[in-house]
Amino acid sequence: MAKETVNKGKKNNLPLRLNILFLVVFLAFAGLILRLGYVQIVNGEHYKNAVNADHYQSARIESARGKIVDTNGVTLADNKAELAIVYIRNAGISAQKSIRLAQKLSNYITVDNKTIDKISNRDKREYYILTKFDKLSQAYNKYLSPAEQKEYAKSQNKAYQLLLSRVPKSALKGYSAKDIQIMAIQHEFNQASNLSPYIIKRGLHVDDKEYINVVDHLSDFGGAIQTADVSSRTYIKNKPFYVGKMGPIPEDKINTYLAQGYSRNTDVGISYLEDQYESYLRGVPMTLTYETKKGLPVGNPTVKEGERGDDLQLTIDVRLQNKLDQVLKSNILSARAMPGNGQNNSAYAVMMNPKTGAILAIGGEKYVNGKFQDVSSDAITSQFEMGSAVKGATELIGFQYHAVPQHFRDMEINYKGTKKLFKSWEQGGLGELTPETALQFSSNVFMAKIVSNMAGVILTPAGGKYIATTPYVTNQRFINAINHLRNGYSQFGLGVKTGIDLPTEGTGYNGGMPAESGLIHQFAIGQFDTYTPLEMVQYISTIANGGYRMQPHLLESVHATGSDPNKLGATVYSFEPKVLNTINNNKHDLARVQHGLYLVTHGANGTGSVFYTSGQKYKVAAKTGTAQIDENDLGLYNETLVSYAPYDNPQVAISVVVPRVRIGHQNQQIALEMYKEYDKLYHYTSQGN
């Protein structure tokens, strides 16, 4: 009998395998339980919201913007509260349903001629199709052949455009006033995006019959028509340009704004501060939440009220601004009354705190056809030849390259091999000068000596004049000198953006590399590159405050809406003064230039004669400028000035440009009158300075 063989290994392994199987099943169930717990507890709210999102859709209506006020709280931009009729489009509103809504709404409101003027021939064709045919298929059958309908079966938009083009011209005429109203409303409906509220009519009040009628019949519109609290932007009379303005969203920014939840027809800030600080000024929109069925909104929405935008407080003192505008106008008239000044018709000025960069006022006036035009924006966008007003920067750049002589005699410069010459304003020269007196008397020749030392131009004395031996413009030392000058001026903000908190500003004109080496002398006295008045006030402020180029700014602080409408709310943001760079000069050299600027207005025979005779009280340091602007008429020039006060503790800096004059000192007169006004308001001359 054969012996039975037993496989002991298999018998012993079976319990082990069962145990492993049970362990795997247990771990799998444990993992499922943990995952379910994670989904329900940790991410439960997320998934709940996701599910709810399938049952609800939201629309938003813009709230009132924040106000803009000056440094003392004077309102520059505000809002006028009003009520509006709003259309809220959704995917379930067909063209036929839309026209029925327009017909119904026309029973309660009347749109104005501005809205009616928007009606196009396309709107008339569409109105004809939607009112003459119960179904679009009937219109297609009438105006498109079966072959055309088949061809465009997969392109409904093209088919519809073709249909509209087939509407006879006779159908575009003879409409009643009622038809025109419906068409105009339908045109507005067509501008709306899905669930993006579109204002159909605004400027209503709670007791207006139109408003009451719409409110009484809101349920008839299935949520597509709503009323909303909106506002119109209002501005102070003679609003300063930098406040900016509102308008439709620019085409190049429409996608960006739509992505941020704006409606297509929302007005936004489109220039200057209204644009720059749109994110603060815009309020929190009112939210309308609709319940949906099959993906489409039904019934009236649940409303969550919005919040007004934050308020901006500016550094501007509107009292100084108004005075500056007045002073510019009066001095333009004074200049024009002088013989030979008939070409002058404008003047510009900028006032800034040199220690913080806070802009106090920006002015520009132009006299055209017997009336003044506000051209203040030109003070930050337009460039001018500034002349000798830049000499303070020229000396400091010279100090950086050890090119400033301790003493130098001012005499006429003749260029070797040419008939050209270069001289200062005084016939026979200004005599022996130091860096300080060179600024006091505004020596052109002293500045020429500085840049000659930088560029390798040799000035040889010969019989009461200098003979200039100049290098080629391709000489590396000469090229380096031009670059050092331009880079040096940029340390002060000349020829570069100042960094002001506005969307746009000018940078002046870069003259490039001179075609003749002698032109470096013109460069040194402000008659080669051009600059803006804003750049000039930043430059003189850099000298005034000890060498720090401060970022000019108009924003002082941002405030939340307060409980008292006449007071600013809690501070949301405060602008911190920003140093853009420091100049590469030591305190000793800077003090010498500062003293030279003081001598301009306080030294005998300094070029700041108006201050010397009438403005000693105000302790102004300054540099005047007269830039020749026409090589064929050397008596025509731009009259310029940069200045600050008080000299020993600067609080305010002023730049002035008076273009195209022959005689007079309107540059100094404008600045002096503004120092008087500033002192009248802030009393700096009585503070022991």
Side-chain angles (χ1 to χ4, degrees), residues 57-62 83-136 139 156-157 160-161 163-164 167 171-172 175-204 210-211 213-215 217-228 230 248-249 254 258 262-267 285-286 288 290 292 295-301:
Q57 291 185 17
S58 295
R60 298 194 291 181
I61 297 176
E62 295 297 319
L83 296 169
I85 308 300
V86 176
Y87 172 62
I88 302 176
R89 184 177 193 165
N90 67 68
I93 299 178
S94 63
Q96 290 93 335
K97 185 176 180 180
S98 176
I99 201 68
R100 289 195 294 272
L101 289 172
Q103 289 170 330
K104 190 176 297 183
L105 186 58
S106 71
N107 294 324
Y108 308 125
I109 70 170
T110 301
V111 296
D112 57 22
N113 289 334
K114 184 178 179 181
T115 305
I116 290 173
D117 289 342
K118 297 178 184 177
I119 297 173
S120 65
N121 284 336
R122 183 193 186 283
D123 295 321
K124 294 178 180 179
R125 290 188 173 95
E126 185 171 55
Y127 182 75
Y128 176 82
I129 291 294
L130 296 176
T131 57
K132 296 299 180 183
F133 297 93
D134 294 331
K135 297 180 180 179
L136 273 181
Q156 290 299 313
N157 185 54
Y160 191 64
Q161 296 303 321
L163 172 63
L164 293 179
V167 173
L172 307 182
Y175 287 110
S176 67
K178 179 70 171 179
D179 291 328
I180 295 296
Q181 283 287 316
I182 298 170
M183 269 188 255
I185 293 172
Q186 176 71 359
H187 174 89
E188 294 300 293
F189 283 1
N190 287 341
Q191 310 312 305
S193 301
N194 192 45
L195 285 180
S196 184
Y198 193 95
I199 295 174
I200 303 301
K201 184 166 185 174
R202 65 189 309 155
L204 299 172
E210 289 182 315
Y211 179 77
N213 285 339
V214 171
V215 169
H217 295 88
L218 281 179
S219 59
D220 297 344
F221 294 96
I225 297 295
Q226 294 291 330
T227 59
V230 296
I249 299 172
I254 188 68
L258 291 178
Y262 285 77
S263 173
R264 189 175 291 274
N265 75 327
T266 301
D267 278 353
M286 178 174 72
L288 309 175
Y290 293 83
T292 61
L296 299 177
V298 293
N300 291 315

Exercise. Between the main-chain N or O of I116 and the side-chain N or O of N113, is there a donor-acceptor pair closer than 3.5 Å?
Worked result: no

Exercise. Will you find, in the side chains of Q186 and S98, an N or O donor that is under 3.5 Å from an N or O acceptor?
Worked result: yes

Problem set entry | Nearest heavy atoms of R125 and L172, plus distance in Å | CG-CD2, 3.6 Å

Problem set entry | OH-CD1 distance between Y160 and I129, expressed to the nearest 0.5 angstrom | 7.0 Å

Exercise. How close do G223 and I88 get, heavy atom to heavy atom, and via which atoms?
Worked result: O-CB, 4.2 Å

Problem set entry | Heavy-atom closest contact (I249 atom, T266 atom, distance) | CG1-O, 3.5 Å

Problem set entry | side chain to side chain contact (heavy atoms under 4.5 Å, CB included) between I225 and V86, worked out | CA-CA 6 Å; I225 297 295; V86 176; over 6 Å; no

Exercise. Side-chain contact, heavy-atom cut-off 4.5 Å: L163 with L136?
Worked result: yes

Exercise. Sequence neighbours excluded, which residues qualify as side chain to side chain contact (heavy atoms under 4.5 Å, CB included) partners of R100?
Worked result: Q96, K97, Q103

For this session: Any salt bridge (Lys or Arg N to Asp or Glu O under 4.0 Å) involving residues 175-197? Give me the pairs, sequence neighbours left out, ordered by first then second residue.
Result: K118-E188

Exercise. Are F189 and Y87 an aromatic pair by the rule of ring centers under 6.0 Å?
Worked result: yes

Exercise. Just how far is it from atom OG1 of T110 to atom CG of L105, taken to the nearest 0.5 Å?
Worked result: 9.5 Å

Exercise. Looking at side-chain heavy atoms only, is the closest gap between Q156 and Q161 below 4.5 Å?
Worked result: no

For this session: Would you name the heavy atoms of Q226 and Y290 that are closest together and state the gap between them?
Result: CG-OH, 3.9 Å

For this session: Using atom types as modelled and distance alone, determine if a side-chain donor or acceptor of N190 lies under 3.5 Å from a backbone N or O of H187.
Result: no

Exercise. Side-chain contact, heavy-atom cut-off 4.5 Å: V230 with I199?
Worked result: yes

Exercise. Can you list the steps and then say if E210 with K201 is a side chain to side chain contact (heavy atoms under 4.5 Å, CB included)?
Worked result: CA-CA 10 Å; E210 289 182 315; K201 184 166 185 174; 2.7 Å; yes

Exercise. If you look at every heavy atom in I182 and S106, which pair is closest and at what distance?
Worked result: CG1-OG, 3.5 Å

Problem set entry | H217 side chain to N213 backbone, donor-acceptor under 3.5 Å | yes

Exercise. If you round to the nearest 0.5 Å, how far is CD1 of I185 from CD1 of I180?
Worked result: 12.0 Å

Seminar exercise, completed: OH of Y108 to CZ of F221, rounded to nearest 0.5 Å, is 5.5 Å

For this session: Please confirm whether the backbone N or O of V111 pairs with a side-chain atom of Q181, one donor and one acceptor, at under 3.5 Å?
Result: yes

Exercise. Is there a side-chain contact between K124 and M183 (heavy atoms, below 4.5 Å)?
Worked result: yes

Exercise. Any idea which heavy atoms bring D267 and P248 closest together, and the distance?
Worked result: OD1-N, 3.5 Å

Exercise. Sub-3.5 Å donor-acceptor pair from the side chain of N194 to the main-chain atoms of A91, do we have one?
Worked result: yes

For this session: Report the C-alpha distance between T227 and I85 in whole Å, list the side-chain angles of each, state the deciding distance to 0.1 Å, and finish with yes or no for side chain to side chain contact (heavy atoms under 4.5 Å, CB included).
Result: CA-CA 5 Å; T227 59; I85 308 300; 4.0 Å; yes

Problem set entry | Exam field: side chain R89 to backbone S193, donor-acceptor pair closer than 3.5 Å | no

For this session: Assess whether side chain to side chain contact (heavy atoms under 4.5 Å, CB included) is satisfied between Y128 and Y175, documenting all intermediate values.
Result: CA-CA 10 Å; Y128 176 82; Y175 287 110; 3.6 Å; yes

